[in-house]
Every structure is written in structure tokens, then in C-alpha cells.
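Have a look at the structure below, then the notes.
Below, chains carry the letters A, B, ... as their sequence lines are ordered, and counting in each starts from 1.
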Amino acid sequence: MADTAAALSHVCVHFPGKALGPIDLAVAAGEIVTLVGASGAGKSTTLRLLAGLERPSQGTLTRAAGPGRTGFVFQSPTLMPWADAAANVALPLELSGLARDAARQRAVQALADVGLGDRSDARPNQLSGGMAMRVSLARALVTAPDLLLLDEPFAALDSVTRRRLIEDIHRLWAARAAPPAIVFVTHDVEEAVYLAHRVVVLSSASGRVTADLPCPGLLPRPDGWRTEADYRAAVEAVAGALEAAMGEAR
Amino acid sequence: MADTAAALSHVCVHFPGKALGPIDLAVAAGEIVTLVGASGAGKSTTLRLLAGLERPSQGTLTRAAGPGRTGFVFQSPTLMPWADAAANVALPLELSGLARDAARQRAVQALADVGLGDRSDARPNQLSGGMAMRVSLARALVTAPDLLLLDEPFAALDSVTRRRLIEDIHRLWAARAAPPAIVFVTHDVEEAVYLAHRVVVLSSASGRVTADLPCPGLLPRPDGWRTEADYRAAVEAVAGALEAAMGEAR
Amino acid sequence: DRTEAPIDEQGRVRLRFATDWRAQAEHGGFYQALATGAYEKRGLNVQIVQGGPGVNVPQLLATGSVELGMGSNSFIPLNLVAEGAPVKAVAAFFQKDPQVLIAHPDEALTGIADLAGRPFLLADASITAFWVWLKAKYGFTDDQVRKYTFNPAPFIADERAVQQGYLTSEPYSIEQAAGFEPRVFLLADEGYPSYATMVLAPNAFARDNAAALRSFIAASAEGWRDYIHGDASAADALIRRDNPDMTQDVLTQAREKLRVNGIVDGGDAALYGLGAMTNERWQAFFDVTAQAGVYPPNLNWRDAFTTQYLPGRG
Amino acid sequence: MTRALPPLLLTAVLLIVWEIACRALAVPSYFLPPPSAVAEALVERAPVLAASAAQTFRMAFQALLLAGSLGGGLAVLVSLSRRAERAVAPLAVTLQVTPVVAIAPLVLIWVGLDNADLAVVILAAAVAFFPLFSGVLTGLKSADPDLERLFDLYGATPLQRLWRLRIPSALPFVLEGLRVAVGLAVIGAVVAEFVSGSGATQGLAWRLLEAGNRLRTAELLAALVWLAVMGLALNAAVAAVEGWVRRRSGLGAR
Amino acid sequence: MTRALPPLLLTAVLLIVWEIACRALAVPSYFLPPPSAVAEALVERAPVLAASAAQTFRMAFQALLLAGSLGGGLAVLVSLSRRAERAVAPLAVTLQVTPVVAIAPLVLIWVGLDNADLAVVILAAAVAFFPLFSGVLTGLKSADPDLERLFDLYGATPLQRLWRLRIPSALPFVLEGLRVAVGLAVIGAVVAEFVSGSGATQGLAWRLLEAGNRLRTAELLAALVWLAVMGLALNAAVAAVEGWVRRRSGLGAR
Ligand SMILES: Nc1ncnc2c1ncn2[C@@H]1O[C@H](COP(=O)(O)OP(=O)(O)OP(=O)(O)O)[C@@H](O)[C@H]1O
Ligand SMILES: Nc1ncnc2c1ncn2[C@@H]1O[C@H](COP(=O)(O)OP(=O)(O)OP(=O)(O)O)[C@@H](O)[C@H]1O
Ligand SMILES: [Mg+2]
Ligand SMILES: [Mg+2]
């Protein structure tokens, strides 16, 4: 198997009144994984753990990506309210040392890629919910990071935009010589299968991994792939695992 | 036709750099409508207009529900960070004069109804994204309002929880002698059809209504209804109208 | 090491003299000497630095910020001795301290003793100065003290109130504003032994600039004589330039009171000349204050002053 | 323990530097005494200083309560109407820039010479008023606009909105105003005692002027040490309240 | 125009009540002159008062700049380390509770008697220091924790974090601190002039003192009117900056 991009081994997190884990999850370099699970299962926490934003109470995190080489989309957009869309997207570039003008130029391009080419001057409070989320996505993609952690990036988007963005991300992924590792969180089972090499199901009781199911076929998905039988079968399997994981909670 | 619960006639909103409308939309008492459209089409704005939270630049709003008789779910949870889940849900009850203890009791019940019976003491920052959204939903439902305006209430929820909540809302709606008018915003076309009496499609260019499609069958939906042919046909129709509305933007 | 006063371009000795307040008639003699050239003709280049409530003359002297300073009352040189600061009084131009107590007009009031139990409005500096003497002599207590911020309105508002003042200042402004003539008790007339308007000099400076210091005292004495008895208009003009809030009527009445009460040329000055100080007065002052517990009985009070720079001595 | 270490360390370093400088440069002690002399004065004059500090603390605390209730109350009142705010804010600014010494005689006349202590409390409260007024007012206007809309929707009365939305939202600004105000109340009590105190209650101002007039600089600095202790104690109290509020509002410790 | 109406109206009402009360109760003018007498004094003494006000304003403004750069700068520095903050904060509190009058002689000696103006500026800056220091420090710590995490993730340097996240987030608290500080700078300039002004300084403090001493209360109040105007002008300037910041940060007018 390829190098590990990020891995949690036996990680536990203790919140006041809630303990998660132990979680074991390894993502290989260039691998795409989706994380599914009930609301409150621990998907966002797992993602924050992988990014090093949450300190494990127990267990260890291994991460290959250097500083600034991780892209993250929080579950809510998390934009700087005083900066316009382009300045928000340009932030990681500027932090990595790129000149202001060059950074902005690339940010505007990244905004165009998520369908917001005409809103680069808008402040976060002038954007709709879906637009703000797309700005956040553009910010995560703009540095072409080695590890991408995306927490429900498409939840606030209409299906057409959503599908277009998925194709874009797959294309970007395939185009890189060393493709990035990506972890998606989503609630849409079909999307989970369509997006990734494998789907990881979290138990809603403990945040532990209860299933780890491979998805058939190659990425990016060929046209009409959604009608294929092994795709449907994989969706059924994930849906079943998910319901089982949720049943465990009760 | 029944009484009007809320109606926008020829309403325009001018934002700096963006104008929406004119929007014409009437919701009858006891009617359930879903609003679909591209990201940034104007769904949230329309909902805020119906609630009287956004002032039209032009045109008029008619609303039957008295003060405090409207329930609203914002696109982001919008909870009071200093209050626990139950206190957040109890807020509208207390504002309408209910005693603190009685209000809290009903709030805890409402939280149980959205699957958060055990988290009534948690603060918003201790909740996951989907949990916070469910608290917001419980707050909108707890007063049994005459007009319910729900902005993507299920976007952050897994499919199992989502389906259960939809059934619950339908059941509540049917159980009332004078059922409330409900307007949903959603990006899920199947959900849009499943939820409502009719689906309204907004143009992504202007926020105008480009299609108004009736949904077949009765509410609440009988078991297995999703497999019926006219349901599938309606979904196809809405998907087509939506793609047409989005094409208009380009 | 020696502390020579600086010399200006014309070869005159530069002396900065810090007063205890903004320019007023109580500084008239020094301004007169400045105006008439009495300093200049003795080879001095004197600059008068106006004081104020926060200007701490002893500290300015101790740090060499000024060469000479004004001592408002006899406590100041004794305090300096008590703290081991090498500064002395070298001349006293007010033989009587013009410090007064002011009360509302009342026929029954015969003297300061009758003021027992009344609220006294006193400035910060007075509380550790003449108030100590009043307490010792008349048995007043600290709880009678209220704060005087150089605004007589609270005094006027309360019939029973007593406030401090300068003979030359407050009685006039109270009369002008309130329209009644207050009762005024000059502490010096009741035996308050303090000098006022003294010249203070650091010991080392005095030692190393004895000639200049003698000249300064002599010229100031000349200035004071002129100011009280001669034409004061030039000095008044200088005062009003330094202190635009001063008015001529205030200056005129103040000068009159200085003259009538023999503040400058009464007492020992009549005998020994302006600026005179005597051992006896200093001892009397020390005895009273030491008995009141202000100073240890073994304090070397003789270090507080010297008469060796006065005209006709040394 | 480790929390208290950095300030203690820095203070110790500064004191040592000061002590050495005083000795090396032979600074006369009436000008600037070394810390050791101040320490001596602190010990020697402990009973007198402690009694005066207690007086000053009492008056500062009363002033703080007065300023808090008036400033906070007025801010809450005017926050209910933009017009009222616009009308009252300039008066608050005017009060802030009015020197205590200029109004002390009026206050003294008003309360009477026999109530000089009350005058001190009133004047100190005037000094501490503005940051509380302004902090509460700014805080009340800092609520999340979406929550404001929610309260609109539920037809909340102005009082309900105030109590359940604006006051909780205002807390960070109120605490910041309080942090500034505690210091101002202490300093205000001293300044007010300077200009309107009485000999009956001898607070720290009395000690300061006595020491200053007598050139006992070490004693003067000892009185300032007591003032600093008082300021730090009140500041720690504010920090404790802040910690409690943060825990309560679930924002976590910083 | 309508914005200015409520304060003007309220002020007018208060002035009329005051005028009537003075006349009806026949209050002697040295206690409390009617507004008409104050107006007269304002006109009569206009040149002197204006010149003094200009002097005071200049010193207050310089003090504000000094306090802002020192207070803000120090706050920014210590915000980079919890330890530094813990070490320095008690010293800032100590400075805040130290009465100007106690340190005035030291400052005066330090800068030299010929630089009394500088002493005034330094002392006034000491008065205005704390709200700026504390406001900036509180503000720098008020950034959205999720944005802080984002900056962690991108490996931002402390300077980048400061400049691009904390300073913009700090603005509401900085502005609140500034609002309090402008008033304190004005009052500080007056008080500092009281305690350290040798005759050389000709600001409003001496106008106040002399007017009080001579019982020219109308003139005293006229000087206070100038102080109030100064405070209001600086406050309006802060409000203008605030408006600009709000527009810039897209928060909209309140
Ligand atoms: N305050 C504002 N200032 C400027 N433009 C605004 C403002 N609020 C909304 N808009 C614009 O109005 C349009 C409609 O916004 P709205 O939030 O209603 O979209 P939406 O249909 O809810 O989108 P989404 O599905 O992404 O939530 C968007 O283009 C948005 O940029
Ligand atoms: N700071 C916190 N304090 C206490 N509990 C927390 C905290 N953060 C998360 N939790 C709890 O941890 C659990 C997992 O939260 P997490 O946000 O990871 O869920 P999630 O799977 O992302 O859910 P969702 O789909 O609703 O976003 C939840 O039960 C949540 O209440
Ligand atoms: Mg989540
Ligand atoms: Mg929306």
C-alpha cells in the first residue's frame, strides 16, 4: 500500500459529557475517503483530529502533509467577515508567502472555478449560504494541498452545482502528478460512493469505525457510471451499514 | 381556494450589487410548499421576506399569522451561545408568556422529538452541526405556529434522521385542526416533491418564480409512495424545471 | 565637586528662581528687581520660574532643576533637614506669614479660639503646615478638616465654615464676589512664628556661588523695598504678562495689604533690613512644632537656615 | 502558582534594578528611595496605611456600585431608543471630560461640608461612570443581528429583548468597561479625597499628601503600593467574574 | 441635521430649566451662574479661552497618540505570549491606579522644568494608557476560535496571525477603548497641567483654577464648555472611524 497521508491510531477524545473513540483510521497518499455516520457520530471531530486542530485525549495522529499543505473546509463557512471573497480565498496563499497581487489573481480564478467569478468583491455577509460555502471550498483548494479535509462541502448546494463541483475536484485530483489525499464528510450515500475509493462508516454511539467499504470503479467516474450495477450495489451496502451503525446507538 | 397564509406580490429587493425579483408567491393556509433554486437564487431572501425579516424595496407582503405565530429556521442554526439547548428551544414559549418551568418542560419534549432528548443541557458549542440545526428546528416547532418557514432544515442531517423528521412534521401537520402553512427550502429534488403540495422553482438570475409545479398524492405520504410512478414523474419535472431555471442564468 | 552657576553670553551668572505659585503680588519684589534691572546691574541673569500646586520646589532644588527656590513657610526648610536634604533658607522676605483664617462676619467672634468645632477648609499643603500649629495651640482636631481647592464657594455656602487664605488674596475676592466683608485672622498676629517667601538654596550651590547669592538677595531686597514703597507698575506689568488671569485691582489691593500689615518690612526687618532671619524666631518655630510632634526634639534645626548671605553679613 | 510566577518574576527584576540603581547612583532617598526603604516604610507604617487603605477601598467600592448602577442603568435605558441615546451620549462625554477639581466645590456645597465622604463617593463615581456607560451601551448594540431578527419574529417586548438577548450579548464589553472602571474608581476615590475629603476619614490621599509634604518619599511610595494592591485585587475580582461568565456562556477558558 | 436634533433639544431643555431655576431661586452667581452668564463669559473671554483650549487640545492629542502607540504597542507585544501578558498586566493596573499628582514631581524633574509641556503630555498619556492597553489586549483575544484554527492549519507566523486575524478582530474593543481614552486624555491633560504646569503652560487648567479662586464661576463653566466641546469633537472623530470600520468590515450601520 502507498504511503500514509494521515492516520489516527486508537484515538479517543473526551468532551464534557461525551467520549468519542477509540478511532482507527488511515488514509493513504492519493486516496479519497468519505466519512458517513449519523448526526453527532463524530465525523467533524475526526476531520479536525486528522487536521491536528483537535488534540486527542489518547492515541496518536500521524500526518505526512507539511505545515500549510492541508486544506480544510469547516462545516460552517468560517470566513473573515472583514475581507471580501477574494481576500478570504487568497489568505492561505499570502500566508505561504505569495505576493498580494499574485495571490488575489489566483484567488479570483479559484472563485471562478466554484462558480463565483463575479462575486469576488462581495463580503461574506453579502453572500448566500451556499455561496459562502463555495468560497470556503475555493480557499481549501487554492493552495493545491496534499491533504484535503472537507466537512459537508456540498450540503448547502443545489444538485447541479454540486455535481459540477464533484467533477471538478475529481479532475483536479487526477491531473496532479502526486494526487492529494481527500477525506469528505457527506450525508448523501450515493454521493459518498460516487466520490471516493472507500466509504468509512462511524458508529453514532461512540464514533468508532463500524464499517469500511470499498467503492468499485475508477476515479474520475466515467459518464453514466451512476447507472451501473456495482455502483447501486455499493450504495445499498453503505446504506445498510449506515442503518446498522445507527441502530447500534439505540 | 383557502385563505392566504402569506403572500408576496411583486416584491423586489435591492442589495448592493444585486437585485432580486419581482417575486410573486402566495402560500395558502394549511398548504406545504417547497422552494428550490440554484445557490444564490434568492430562496433564503424569499423566506425572510415572508417572515417580515427583510424589508421589500418594492411590492407588498401579506401575512395572516399574528406576532409570535411564525416559526423560522435560519439556514445556519442561530442559537444563543450562552443558553443550553433546552433554553434555546424554550425561548419562543417564554417570550409568549409561558412560565419558565413549563416552557423548559415542553422544550425538552420538543428536543426529544428531534432525537436530542439526552442533549437538552448542552450548549450550542458542544453540539455537532446537525444537532444544532435540530435544536433550531425544535425551536421553530415548539410553539405550533401557523406559518413555518424552514431554510434547508435537513441539509446537515443524515438520511435516516432526515426521513424520520419529515414523517414527524407531516404527522404533526396532519394532526392539527387548522394545519399550518409550511414553506421548505431544500436542494434535494426528491425531498422537495415528497415534502409538499407544490414545488416553486426560483430563477438563479433574478429570484423570480420560473415554475410552480403541483405534487401528486396526499400528505402525509403513505408507505412505499416513493416508488409510485407519478412521484417519479413529478421529480423528473422538477429536476427539468430546475435545470431550465439554472440555464437561464448563463 | 563644585557646582558653579552657568554664565550667559554677556558674562552674567544665570540663576533660575522657582516660585511657589503663579505670578502674583506676593512675588512682587522679585519681579520689581527684574523690571528695574536690579539683578542685571549686579551681573545676574535671573529667570523666574512660576510654580503651581504640583511644583515641588525642594525637589527641583535637590535635583538641580533650578538654582534657587522659594520657601512658602518655615516648615519647608525644617522638612528638608529632617529628610537630610542639603538645602537651606538664606533669606526671608516676609517677616510675617500672610496666612489667614477667614470666617463669616459674626460679632461674637473674638479670636481664633472661638472657631473650635467648626469645619476648616484647608489646602493640602496647609495640613502639614500651619494646621499643626493651630491644632497645638487651640486644640483643633483633624476631623474638622475639609479640602480647600482654592475655590471659596463652599466656604461662602456654609455660615459656620472657616477657610484658609492669603491676606492678600482670598479676603478680597470673597468680598468682591459674595458682597460681605469676612472676618480675617492673620495667624502672625496670633503668634504664628513662621517666615514666608524665603529664598532656598542648596548648600553646595550657596558655598560655591556665595557672591552671586549675596547679589541676588541684595537685589531682591531692593526690589521688595521698591515694590512696596515705590512705583510698582513695571513689576505689575511683568506679573500680568506671566499670569494673564491676574488683574490690576487684585495686585493693587494686595500690595496695599502687604504695606499696611508690615509683612515685608515689619518685625526683625525693621531692625536688620529686608530678608532678615533670627535664631530666636527659628528656635521659637521649632519648639512649637517639635512639641506638636512634627519633628524629633533632637533635630538639628539650625541646619535649616543661614544668615551668612544676608546684606551686611559675612 | 505558575500563573503568579511571571508577574512576580518581572516585578522582582524591576525592584532589583531599581535598588541597585539607587545605591549605585546614590540617589537621595527623599528623591527616590530604594525598594528596601519602601518595604521598611510598608512594615513600619502598616497599621496606619492599612486603615487608610480600608477607607479608600470602601469609598472606591461604593463609587463603583454607584457608577455601575447609574452608568449601566442609564445605558440600558437609552439603548431602548436611538433618539434617547443621541440625546444623552454627549452629556456622558461632557461628564467624562469635566475635571473633578472643577466640580468638587459644587458637590461639596450640595452635599454639605458635614458629608464630605459622600462628596468623595459621588466624585469618584463620576470618574468611573463613562467606561461603564459606554461599555454597556456598546455591548447592548453588539448582539448577533440574526438573533435580533429572531426576537423580532417572536414579537419580543423591548424588555424581553433586553433581558434575554442584549444583556447576555453585552457581557464582554461590560466586563471590559468594568476592568477600566475599577481602576478609575480607585484613582477617583484618591483624587476626590484630595479635593473634597475630610480629616475625619483619612484615606490614602491623606497619607500621600502628608508624606509628600514632609518629603517622606518612601512612605509615599508605600501608599502607592497599597493603591496598586487594591487595583490588582479588584482586577482579579473582575477576572474571576469573567471566568465565570465564560464558563457559563460556554466559551471556554482562553 | 436630524441626527443632531435630539442632543440639541435635550441640551436646550436642560439649559432653560437651569436658567429658570437660577432666576427663580436667586442663586448667587458665584455658586451657579445662569447659562446666560456662562454664554456671556464665553463671548467675552473667547480669545483667551480659545487659545488655552487649543493648548490643552494639542497636549491631549499628543497624549492620545503617545498612549495609543505605547498602550497599543505593548498590548500587541504581550498578546504574543501568555507569560508576557501575565507579567505586564499587573504593571499596567498599577500605572492606572497611580495618581497623577503622586508622580508629577518625578516626571517634571525627569523631563526638566523647561519642558513642562512634555511632562503634561507624558502624565496625560499615563492617564489615557489603560483603556487602550486593555481594549487592544481584550480585542486581540476575541478572534473567532475557528478562524484561529484556520490560521493554525495554514502555519501562519505569529506576525501574520496578528496582522491578518487578531487586529481586524480586535477593532470593536479597540474602538471602545479609544472612546474611553479620548475623554481620559482630555481630562488627563487638564489634571496634568494642574499638577505640573509651571506658569509656562497656558492650557485650560489655569483658567479653571484662577476662575475658581476668584469666584468667577461663569468663567469656570465657560472653560468647562470648551472642555466638553473638545471631548465631543474627539468622540465624533472616534464615531467617524467606527463608521468607516463598520462599512469596511461589512457590518453595516447600526
Ligand atoms: N445583505 C446582502 N447584501 C448583498 N447581497 C446579498 C445580501 N443578502 C443576499 N444577497 C444576495 O442575494 C442573492 C440571494 O441570496 P439568498 O441568500 O437568498 O440565496 P439562496 O437562494 O438562499 O442561496 P443558497 O442556496 O446558497 O443559500 C445572492 O446573490 C446574495 O449574494
Ligand atoms: N466542544 C464540545 N464539547 C462537548 N461535546 C462536543 C464538543 N464538540 C463535539 N461534541 C460532541 O461530540 C459528538 C460528535 O460531534 P461532531 O461534531 O464530530 O459530530 P458530526 O458527526 O460532525 O455530526 P453532524 O453530522 O451533526 O455534523 C457530538 O455528540 C457532539 O455533541
Ligand atoms: Mg459535523
Ligand atoms: Mg440560502
Output the distance between atom CZ (D:Arg164) and atom CD (B:Glu94), rounded to the nearest 0.5 Å. 4.0 Å
Sole residue of B:Ser96, B:Pro92, B:Pro145 in side-chain contact (heavy atoms from CB on, under 4.5 Å) with D:Tyr154: B:Pro92
Heavy-atom count around D:Trp110 CH2 within 6.0 Å, excluding the residue itself: above 12? no
With a 6.0 Å cut-off (strictly less than), is the heavy-atom count around CZ of B:Arg176, excluding the residue itself, greater than 12? yes
So how far is it from B:Thr78 OG1 to D:Asp146 CG, rounded to the nearest 0.5 Å? 4.5 Å
Where is the tightest heavy-atom contact between D:Leu147 and B:Pro81, given as atom of each residue plus distance? CD1-CD, 4.5 Å
Interface moiety of D:Leu165 toward chain B, non-hydrogen atoms closer than 4.5 Å: both
Which answer fits B:Glu54, side chain, backbone, both or neither, if we ask what part of it has an atom under 4.5 Å from a heavy atom of chain D? neither
Side chain from CB out, backbone as N, CA, C, O: work out which of these in B:Arg139 comes under 4.5 Å of a heavy atom of chain D, or both, or neither. both
Any chance NE2 of B:His10 has more than 12 other-residue heavy atoms, nucleotides or ligands included, within less than 6.0 Å? no
To the nearest 0.5 Å, tell me how far D:Leu150 CG sits from B:Phe74 CZ. 5.5 Å
So which of D:Ala156, D:Ser169, D:Gly155 has the biggest tally of heavy-atom pairs under 4.5 Å with chain B? D:Ser169
Crowding at CD, D:Glu148 (>12 non-hydrogen neighbours, <6.0 Å): yes
Given that the side chain runs from C-beta out, which part of D:Asp152 has a heavy atom under 4.5 Å from chain B: side chain, backbone, both or neither? side chain
Just checking B:Arg69: does its CZ atom have more than 12 heavy atoms from other residues, nucleotides or ligands closer to it than 6.0 angstrom? yes
With a 4.5 angstrom heavy-atom cut-off, could you sort out which part of B:Leu91 is near chain D: side chain, backbone, both or neither? side chain
Between atom CG of B:Leu95 and atom CH2 of D:Trp163, what is the distance when rounded to the nearest 0.5 Å? 14.5 Å
